[in-house]
Each structure stands twice: as C-alpha cells, then as structure tokens.
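Just so it is clear: chains get the letters A, B, ... in the order the sequence lines come, proteins before strands, and each one is counted from 1.
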Protein chains: 2
Amino acid sequence: MLKEERFQIILDQLGHEQKVYLGHLSTLLNVSEDTVRRDIKELADQGLLKSVRGGAVPHAPGPHHFRDRMTYDNEQKQIIAKKALQFLKDGQVVIFDGGTSALLIAQMLPKDLKLTVITNSFPIASILEEHEHVDVLFAGGRLLKDSFVTIGNDAIQFFKKFRADICLLGICSIHTNLGVTGPDFEEGEVKRTMIECSKEVIALATTEKLGTAEAYYVCPTERLSTIITDKQADIEEFDIYRGLGISMV
Amino acid sequence: MLKEERFQIILDQLGHEQKVYLGHLSTLLNVSEDTVRRDIKELADQGLLKSVRGGAVPHAPGPHHFRDRMTYDNEQKQIIAKKALQFLKDGQVVIFDGGTSALLIAQMLPKDLKLTVITNSFPIASILEEHEHVDVLFAGGRLLKDSFVTIGNDAIQFFKKFRADICLLGICSIHTNLGVTGPDFEEGEVKRTMIECSKEVIALATTEKLGTAEAYYVCPTERLSTIITDKQADIEEFDIYRGLGISMV
DNA sequence: GCCATATATGCAATATTTTGCAATATTAAA
DNA sequence: TTTAATATTGCAAAATATTGCATATATGGC
C-alpha cells in the first residue's frame, strides 16, 4: 500500500470522526504504530490535521482572535503608540482606526484624558469603556468577523456625521507617488471616510511600510499631517515626506 | 479516549450549560477528578473557559472582559434562554436586546444556526463573532458605559432600517394595563424601536416581573407575541395574558 | 539487468507525558 | 473558629513518543 493511500485513509477517517487512534489505524492499515505516527506527523506538518498524543484530530483553523494578534510584533508598535500619545489633548474629538496600532494607543491612554472618540473597532471601544472621561461613539454596520471592526455603508455614513480634530490612521502602506494604500477594499472605504471627516490625519507606520503600496487606494500622501514611525525621525530618507509638508515623528 | 476528546466534551457541555462540575465530568469521562482539573486548567490557559472552584464556566473568547460581568448562577434566566432557543430557525433576522437574558441565548446558540442578528450589545456581538453562519449587524451610537450597549438617536435610526422576524426583548416589567415598562429612558427608546421593527416580539421575563411596572413606557402588552418565563406555562395566573393573544411559554 | 543510493518500515532501548493516588495546603461555609 | 470541600504538590506506574539502527523496498543511472 502506498504511503499516499494511507494518508488518504487517515484523512477520510478524520472527515467522518472527530478523532483517530494510532492503534486503530495501525490495524486498519496493516502497518506498525510507528509508521502511523510518522504518517500523522507528516500530515500535521502539512497542516492537514493535528497530531495529538495517541492519535490525531482534525485541524481546526480556529478563529484567530484579536488578542492573539496583539502580542505579535508589538515592539515597534509600542514605540509608535508612545509617540502618538503626545498628540492627544483634552477636549479633542479623535477618530481611532481599527488596527492594532490604534488599539495600543487606546491601551496606553492616560485615564484622566478627556476625549470624544469615534471608532468602528470593538476592542478599542471596549478598552475605552473604562475611561471615565472618554465619550465613545461607535460606528454601526456589518461586523467583519475576524478583525472585530464594523464596515459597510452604515459605518461610513456614521463617520460622515462628524468633524474630528484628529484621525489616528492604522498602519497602511505609504508611497510618495501612489499615496496611502491598504490590502482590503471595504476597510479602505471606511478609512477614506475617516480621513475625510478629520482635520488632521496622523498615520502610524512601521518603517518597512514606507515606500510600499498595496491594492486599494485610500488617499493621497499629502493628505497626511504627520507620519509616526518606530525609527528616529531625523533620517535623511524621510526628507521626501517633509517636502510634502508632512511632519515626521 | 484522547485528551482532545475530553476537551471537546467539556467545551460542548459549556456550550449548553453555563457551568460544569468536576465530579460530573469525572464520571462522564471516566477519569479522576485530578485529570479533569488538569484538563480544565489547560483549557483555561488557552482562554477557552474559565476555571472556577469545583468546575468551570464559559469564558468569552472575545477581546475583553464582557463575560466576567455575567451572572452564571442565574437558574431562572438559563431556563428562559433554553426555551427561547426553539423559536430561532435558520434564515431568520433576529434583533437581540442588550440584556443578560439575550446574552445567555447568544451563548447557547447552536454553532450551525444561520441567522442575521441585529444588536446594540457588545457582549452579544462579541460572542456571535464565533458563529460562522451568523451575520452580525451592529447598531452604532453612543456607548453606554456600564452596560456595554449603544444608545441614542444613531442606534435608533440604525434599527429603523430593518424589518426583523423576531425581537428577543430582555427582561422588562410587564403589566396587563400599564404595558411593558423599563427603568431607563434611553434604553427604553431603543427597545421601543427594536419592537417597531420586528414582526414578532418575544419577551423574556422572570415571573416576578409579571404584573409590575417601572418608570418608562416601552409598548402595550398586546404587542408581545410570546412571553417566555422560567415557570411551567400552564399556570392559571397566565390566562390573563393568553386572553390578550399572547402565547405563554 | 545491476548496482548505488535514497527512502520507508519495524524493532528495541530510552525519553517523555499522562494519569491516579496520597499527603498537605488552601478555601468557603457553618 | 472549626469543619468539609476543593486545590496543590510530589511521586510512581502506565501509556505514549522519540531515537538509533537494521532491514526491506523503491528509484535512477549505467
């Protein structure tokens, strides 16, 4: 019997049952448990199932939650978040984008700051709920399952009702000619509206995002008032943005 | 039996009940209480449930501590939630009120049910994010700090865009003459709109709320299609509601 | 065909993990 | 406080994994 046949049988079993046992497969396939174990390991490496002690279970492509992604890569973003805090002053109306960068800012926000925050991000709203002096206006709309933000026309119309002092724009790609771009159409639409409704736009960008572009256009680079990066701001490389009237921080 | 099977069974239990006991699981799974305890600890580390003395309770995988505020030991509400589930069918558009009763229903919702849910409750939206086949439409508006719902004109206008099959109305006071009433003006306004936009209104009410009234008027009693209580439904006392064409469950 | 090489398989010795038990500590309730 | 229930810890037995190795089987070049 070919190894591939065994693979197929193992996967078939997992299609019906929620588990397979080494012993069972060993007799079913007429090979030693060692071999079954090796097969399972190989399939697990391909991500087709999950190897567990004594057998295997289907690989659940579990909904990766916001919390999980939070911990990832936060060195740079923390630096950015700290820098961003100094831009926020009592009494301002601030639009928070839905990304992790803006979320970090919300987490680090001093408890005594008085703000009106407009956002479409559940995690951000949930954190700010604890800030006594922060009024939260939440944009309704269709809930985007894996990023915990609302999108769609309803969300857009909601933002259009306001005129914010500052928009904290989560990390997008920024290119001097191609402008600000993002990877998702619908989220891009929302971001564009956020920008339209704000006097000042502060973009949060790790340095590797500078000079790159993605599929969906958000706004021209000149529309940004400030770009906050994780690097020292006096790099020569940044002069091209300063030439556009953008302050680099 | 694989460890993963036990995990699955424990989590399944928590999908139906709001708590599991060590002793119960120990006999159910044919392992010692120590092992169950270790399993629960492991699942708790993964954030899939919350370990408590003597057993475990569900833990929302949502971004934040919504679930912590839940009262787990509310027998009455659990009975109501179970009864309510049978009213929900594939394909329906359902408005979920922001109270804990509706939240319990959301928690116990079968994962394969296909629904469109409209709500103004963060905890509910956060739980339903897990349900692949549930579309969530979230009502924007001002965030009411301690009950995690949005209120205000924006929320009201949002609901008005829809025509739902069912409205699950959290616990209010119900009085045959004085109608349905609640303790908060703004939340009452929202509830009234939810009702206006729904064909069928199912009120969730513990029996002590029947025959009482509070400060703010929501709707006439006759507007309710069904009242779900925690008691047997054939009580004579309920006849007065049946007389109004309301089915008691 | 035939050899050299790579790969797959089973076996045995050795690690590692899981599990239940008992002793001890901690917690909740009377 | 005392008492009963539940948790924690250390430990040993059982189950399962890993590793190294010998054998078998396939693969490709000649």
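For A:Arg53 against C:dT18, a side-chain-to-base donor-acceptor contact under 3.5 Å is absent. Taking only distance into account, the side chain of B:Arg38 meets the base of C:dG20 through a donor-acceptor pair shorter than 3.5 Å.
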Step by step, work out the side chain to side chain contact (heavy atoms under 4.5 Å, CB included) result for B:Leu109 and B:Leu85. CA-CA 7 Å; B:Leu109 210 63; B:Leu85 283 178; 3.9 Å; yes
Determine whether A:Met108 and A:Lys82 satisfy the following criterion, side chain to side chain contact (heavy atoms under 4.5 Å, CB included), listing intermediate values before the conclusion. CA-CA 8 Å; A:Met108 299 167 84; A:Lys82 255 184 206 155; 3.5 Å; yes
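Minimum atom distance to the side chain of B:Thr35 is reached by C:dT19, of the listed C:dT19, C:dC11, C:dA22.
The CD1 atom of B:Ile40 sits 11 Å away from the P atom of D:dT8 (whole-angstrom rounding). Atom pair A:Arg6:CZ and D:dT25:P shows a separation of 14 Å (rounding to whole Å applied). If you take CD of A:Glu33 and C1' of D:dT16, they are 9 Å apart, rounded to a whole angstrom. The CG atom of A:Leu29 sits 13 Å away from the C1' atom of C:dT9 (whole-angstrom rounding). Rounded to a whole Å, the CZ atom of B:Phe7 is 11 Å from the C1' atom of C:dT18. With rounding to whole Å, B:Asp34 atom CG is found 15 Å from C:dT18 atom P. Residue A:Glu5 contributes atom CD, which lies 11 Å from atom P of C:dT9 at whole-angstrom precision. Rounding to whole angstrom units, NZ of residue A:Lys41 and P of D:dA17 are separated by 13 Å.
By the neighbour-count criterion of 12 heavy atoms within 6.0 Å, atom CD of A:Gln46 is densely surrounded, having more than that number from other residues, nucleotides or ligands. The environment of B:Phe238 atom CZ is dense: over 12 non-hydrogen atoms of other residues, nucleotides or ligands sit within 6.0 angstrom. For B:Tyr21, the OH atom is loosely surrounded, since the number of other residues' heavy atoms within 6.0 Å does not exceed 12. The number of heavy-atom neighbours closer than 6.0 Å to CD of B:Gln86, taken from other residues, nucleotides and ligands shown, is above 12.
When the C1' atoms of four end pairs are superposed on the next four at each end of the helix from C:dG1-D:dC30 to C:dA30-D:dT1, using five pairs per end, the two resulting axes differ in direction by 50°, to 10°.
Residues B:Lys41 and B:Asp45 are paired through a salt bridge, judged by an N-O separation under 4.0 Å between the basic side chain and the carboxylate.
Ranked by how close their nearest DNA chain D nucleotide is to the 5' end, B:Val52 and A:Arg37 are led by B:Val52.
Aromatic ring orientation, A:Phe122 versus A:Phe148: tilted (interplanar angle from 30° to 60°).
Within the 4.0 Å cut-off from OP1 or OP2 of C:dT9, not a single side-chain nitrogen or oxygen of A:Ser32 is found.
No engagement by B:Val36 is indicated, since no non-hydrogen atom pair under 4.0 Å with the nucleic acid exists.
Contacts of residues 20-28 of chain A with DNA chain C (heavy atom under 4.0 Å): none.
Within the structure, the salt bridge (charged side-chain N to carboxylate O under 4.0 Å, His left out) test picks out the following pairs touching residues 17-31 of chain A (sequence neighbours left out): A:Lys19-B:Glu5.
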